[in-house]
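Below is one structure; the comments refer to it alone.
For clarity, every value in this text was computed on a predicted model and none was experimentally measured. We count ligands from 1, going down the list as the structure has it; atoms in each ligand are counted the same way.
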Amino acid sequence: MESHIEKQNSDVLMISTLPKEKCWGFSKYLHQYQGVWSTLRFLQGALSAQQQFQAQSTDIILCSSPRTGTAWLKSLTFATITRTLYDDSTTPLLSKMPHDVVPFTEFDHAQFSTNRYLGIPLLATHLPYSLLPRSIIDCGCKLIYICRDPKDTFVSLYHFIAGHCKAENTQPFQLDEAFELFYEGISPYGPYWDHVLGYWKASLEHPDKLMFLKYEELVEDTVLYLKKIAEFKGYPFSSEEQQQGVPENIVQLCSFENISGLEVNKTGKHREGHGNLGMENNIFFRKGKVGDWKNYLTTEMAQRLDQLTMQKLSDSGLSL
Ligand code: A3P
């Protein structure tokens, strides 16, 4: 049996043979592993999670491609599960950013899989369904997936990576160059459409285990979807709670305006320490709008992306 260190060394060797591409101007490369593009750090985390992460049947795992509403889903689900432990004035969401209350399996958690933040069985992953650690599938825990219109996802991702470039003093690609890469599937955890389809198909096969959400639907009627999420997770709102407006309070607490305006999310840093300089928390909160792509993409770009999306999703029963 390979030791942990031997496994890490053989992973490094294997990764060095993979195809790689520049990550839209960011100093890191994207490596293509089993058809999926990801940065070295996340790929190593994914391999380590595959080997070591032990899911528990009571876990709820929030799954998403980057920039599709992960932090929002984290805060909504965290606030729902902890609603009897904390109120609006004591919730950890007031002092910690959502990524710090719901850790990522492949990044924060790969080697510490028995820990759950405050003992709350809530975790997240950006991994595609095909790369999930086996224990997640085998233990039968529940998964919630969120996806988003590829046009808004691209625009959001472009700004996020440009923000990283600014922080490290590198030059981001021009938007049209990055667009071509996204179109070709070369984006973190891309191709984006494969990520969505992997979870979509799994949700059709296991509707009781995998809930599939769209950012746009969540924006449209957040209270309705929050109730569905709570029900699915096994934490339904009682009729008394509904009469008291508990779901509405959670939606308000987690709204873009409220969450992005908290001091921790305006001026705090994420993943600081352990040799990390940390990322500004405010980079995770940009506009929180549906259709912001109209301010950045030409009509031709939007049409090309829509056409590609239609092609990729044809026969799947899904539209984005
Ligand atoms: P925009 O860049 O379009 O504003 P993720 O958390 O998966 O990285 O997704 C980030 C996107 O979700 C960003 O989109 C961000 O602004 C938006 N977002 C963050 N918090 C939100 C909230 N509470 N409500 C709605 N959208 C939110």
Side-chain angles (χ1 to χ4, degrees), residues 24 26 38-39 42 61-80 88 91 93-94 96-104 106-108 122-128 144-164 166 172 175 178 182 187-190 192 195-196 199 213-223 225-226 229 247-262 264-266 268 270-271 279-297 302 305 320:
W24 305 14
F26 190 38
S38 95
T39 58
F42 275 85
I61 310 214
L62 310 176
C63 314
S64 60
S65 201
R67 312 311 291 161
T68 58
T70 318
W72 187 23
L73 186 61
K74 283 183 176 188
S75 42
L76 286 169
T77 48
F78 180 85
T80 303
D88 291 3
T91 173
L93 288 167
L94 298 177
K96 285 187 172 281
M97 70 98 70
H99 291 309
D100 287 332
V101 294
V102 184
F104 281 106
E106 68 275 22
F107 197 90
D108 309 303
L122 196 54
L123 295 164
T125 183
H126 279 323
L127 289 175
I144 305 179
Y145 184 72
I146 186 159
C147 67
R148 190 178 189 187
D149 179 336
K151 302 189 288 306
D152 278 335
T153 304
F154 164 71
V155 167
S156 183
L157 191 58
Y158 179 75
H159 284 95
F160 188 67
I161 293 180
H164 279 297
K166 198 171 148 209
L175 185 125
F182 184 79
S187 61
Y189 297 96
Y192 178 66
H195 201 287
V196 176
Y199 281 95
L213 295 169
K214 295 180 187 172
Y215 180 90
E216 294 74 17
E217 289 174 343
L218 201 55
V219 169
E220 176 92 29
D221 196 339
T222 317
V223 172
Y225 280 93
L226 181 68
I229 292 170
E248 285 79 2
N249 280 351
I250 292 177
V251 168
Q252 167 56 26
L253 170 73
C254 302
S255 68
F256 182 84
E257 290 68 27
N258 191 51
I259 285 275
S260 64
L262 295 172
V264 60
N265 295 324
K266 284 200 294 191
H270 174 57
R271 296 208 178 101
M279 281 179 274
E280 303 283 339
N281 287 347
N282 62 24
I283 197 175
F284 291 93
F285 307 93
R286 197 180 61 97
K287 289 188 183 171
K289 294 265 177 287
V290 172
D292 186 45
W293 61 265
K294 294 189 187 98
N295 296 314
Y296 297 93
L297 303 187
L305 215 48
L320 280 180

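- S65 and H126 share no side-chain donor-acceptor pair at under 3.5 Å.
- Looking at atom 23 (N) of ligand 1, its nearest protein heavy atom turns out to be C254 O, 2.8 Å.
- Looking at atom 15 (C) of ligand 1, its nearest protein heavy atom turns out to be F284 O, 3.5 Å.
- Atom CD of E220 is surrounded by 12 or fewer heavy atoms from other residues, nucleotides or ligands within 6.0 Å.
- Atom numbering of ligand 1 starts at 1 in the shown order; those under 4.0 Å from a heavy atom of A71 are 6 (O).
- Here's the thing with I259: none of its N/O atoms is less than 3.5 angstrom from an N/O atom of ligand 1.
- Put simply, part of R148 is less than 4.0 Å from ligand 1, judged by heavy atoms.
- Of the protein's non-hydrogen atoms, the one nearest atom 27 (C) of ligand 1 is F256 CD1, 3.7 Å.
- Close to ligand 1: R67, with a non-hydrogen atom less than 4.0 angstrom away.
- For ligand 1 and Y215, the ligand atoms under 4.0 Å from any heavy atom of the residue are 17 (C), 25 (C), 26 (N), 27 (C).
- Ring pair W24/F154: centre-to-centre distance below 6.0 Å.
- Shortest contact from atom 20 (N) of ligand 1 to any protein heavy atom: F285 CD2, 3.6 Å.
- Not a single heavy atom of S64 sits under 4.0 Å from any atom of ligand 1.
- Annotation: Y189 is in aromatic contact with F42 [ring centroid separation under 6.0 Å].
- Residue R286 has at least one nitrogen or oxygen atom sitting less than 3.5 Å from a nitrogen or oxygen atom of ligand 1, judged on distance alone.
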